[in-house]
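Please read the structure below before turning to the comments.
Below, each value reflects all heavy atoms present in this structure, side chains not excepted, and no hydrogens, waters or symmetry copies. A note on names: the letters A, B, ... follow the listed sequences, proteins ahead of strands, and every chain is numbered from 1.
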2 protein chains.
Amino acid sequence: MEPEILELESFLPYRLYRLADAVSREFSKIYRDRHGLTRPEWRTLSGLGQRGTMTATALGEQSAMHKTKVSRAVAELERRRWLTRTPDENDRRVEHLALTKAGLAAYCEMVPLAKAFEGELLERMSAAERVAIVSSVAALEGALEGK
Amino acid sequence: MEPEILELESFLPYRLYRLADAVSREFSKIYRDRHGLTRPEWRTLSGLGQRGTMTATALGEQSAMHKTKVSRAVAELERRRWLTRTPDENDRRVEHLALTKAGLAAYCEMVPLAKAFEGELLERMSAAERVAIVSSVAALEGALEGK
DNA sequence: CCAAACTTGTTTCATTTGTAACCATTGAAA
DNA sequence: TTTCAATGGTTACAAATGAAACAAGTTTGG
C-alpha cells in the first residue's frame, strides 16, 4: 500500500508558523536596530505604554509571555531605567510596573514605526484580503480554543 | 499632546505570532509525546517522508530551517537510525538523505495524526473561513515578499 | 594550472528559552 | 491560631537557537 503523504508546504501549522516567523523577524529589526530590544522587552514596553501601569502577571497575560520572560524583560527595562516598580500596598507580593519618562519616550518613538510597518503590509493586500486575514485569524484562534 | 497608543492585542505581527505559536505548540505535543521529536526533527522527518531523498540544503529550503537546525536534526535522526546518508558521487560535499524503514514507519504513523489535527481545526471553522485563512495567509506572505 | 571565491555541512560559543525548583506572601481551612 | 494550598515573582539549570568561524570540496578567472 502507498504510504500516505503530508505536504508540508501547505500544512496549516507549518504555513502559519513560517509566516508569523517571517513577519515577526522582519518587524523585530525595527526594535532591535533602534533600541537593541528583544521581543519580550518590546512586548513589555508596548504593554506598559498602552495600559500605563500593570503587574508582571497582567503583562504576561496580555502579551502571551511566560512569567520568566516577563521577569527577565522587566529586569532589563528596569536596568535601563525605562520602568519603575512600585510595591502594592495591600499585597506585598505584587509590584506595579510603569514606564519612566525615558521608557515612555522610547515607546512613543516606536508606536508610529510599528503602525507604519503594519500599514505597509496591509497596504499591499486588497481590501477584501485585509478583512479576511483579520477575521480568519480570529476564527482560527477560536477553533483552537476548544482543543 | 496625547501619546499615540498601539493596541498590542490587535497588532498584526503579535496576533499572528501568538496564533502560530499556540497552534504549533498544540501540534508539537503530538510528535513530542509520540516520539520525543523536536520541531526541526519533525520537519526533517516530514520533508524526507514527503520527498523521499533530499540534501540538507534542500531540506532547509523546503522547511524554512537554518542550516544548523537541519544539521542537528539530521544528526539526531541518524543516531536513531531513522535516516541514512549517501555521499553524492559527483560532489563530495553533498550527502543524500533518506529515511530508513524505521524512519518511514514513524513518518507513516505521524501523517494521519497530523492530518487529523489540521482537520479538527478546520472543521471548527465555516467553509468561508477555511477559504479565507488559506488565501489570506498566502496574500500576506506575498505582501511580505516585497519588503 | 593555480589562487581566490564560493558552496556544503559541521562545530563552537554566546544568547534565549522553558521547566522546575524556589522564596516570600497571602488566603482558606481546621 | 496554625497549618496548608495557592499566588506573585525570581532563579538555577538544561536544552534550543543563531551567528560566526570552520573544514572540506568545488568552481572560476587569470
Can you tell me how far P of dG9(C) sits from CG of L59(B), to the nearest Å?
-> 9 Å
Atom CZ of R85(A) with >12 non-hydrogen neighbours under 6.0 angstrom = yes
Give the rounded distance in Å between these two atoms: CE of M65(A) and P of dT16(C).
-> 14 Å
Salt bridge or not for E4(A) and K115(B), using N-O below 4.0 Å?
-> yes
Salt-bridge contact K29(A)-D33(A) (side-chain N to carboxylate O under 4.0 Å) | no
Contact class for D88(A) vs. all strands (heavy atom < 4.0 Å): base, sugar-phosphate, or nothing?
-> nothing
Quickly work out the E76(B) CD to dT11(C) P distance and round it to whole Å.
-> 14 Å
In a check of side chain to side chain donor-acceptor pair (under 3.5 Å) between H96(A) and each of D88(A), T53(A), T55(A), T86(A), which one passes?
-> D88(A)
Parallel, tilted or perpendicular: which fits the ring planes of W82(B) and H35(B), with parallel below 30° and perpendicular above 60°?
-> perpendicular
Between E61(B) (CD) and dG9(C) (P), how many Å, whole number?
-> 10 Å
Reading nucleotides 6-13 of chain D 5' to 3', which nucleotides get B (base under 4.0 Å from a protein heavy atom), which S (sugar-phosphate only), which -?
-> BBSBBBB-
Under a 4.0 Å N-O cut-off, is there an ion pair linking E76(A) with R80(A)?
-> yes
Atom pair distance, as rounded to whole Å: CZ in R25(B) and C1' in dA16(D) = 13 Å
Going hydrophobic residue to hydrophobic residue with side-chain gaps under 4.5 angstrom, can you get from L48(B) over to V94(B)?
-> no
Round to a whole Å and report the spacing from OH of Y31(B) to C1' of dA16(D).
-> 13 Å
Heavy-atom contacts under 4.0 Å between residues 38-46 of chain A and DNA chain C, which residues?
-> T38(A), P40(A)
For R39(B) and S28(B), test the side chains for any donor-to-acceptor distance below 3.5 angstrom and give the result as yes or no.
-> no
Sidechain-backbone polar pair: E61(B) side chain, A58(B) backbone, donor-acceptor under 3.5 Å = no
Write down the distance between CD (E89(B)) and C1' (dT26(D)), rounded to a whole number of angstrom.
-> 17 Å
Assert yes or no for the condition that the ring centre distance of Y17(B) to F11(B) is strictly below 6.0 Å.
-> no
Taking 4.0 angstrom as the limit, do R34(B) and E41(B) come out as a salt bridge?
-> no
With axes from five pairs an end, tell me the bend angle of the helix from dC1(C)-dG30(D) to dA30(C)-dT1(D), nearest 10°.
-> 10°
Distance in angstrom units between R79(B) CZ and dT10(C) C1', rounded = 18 Å
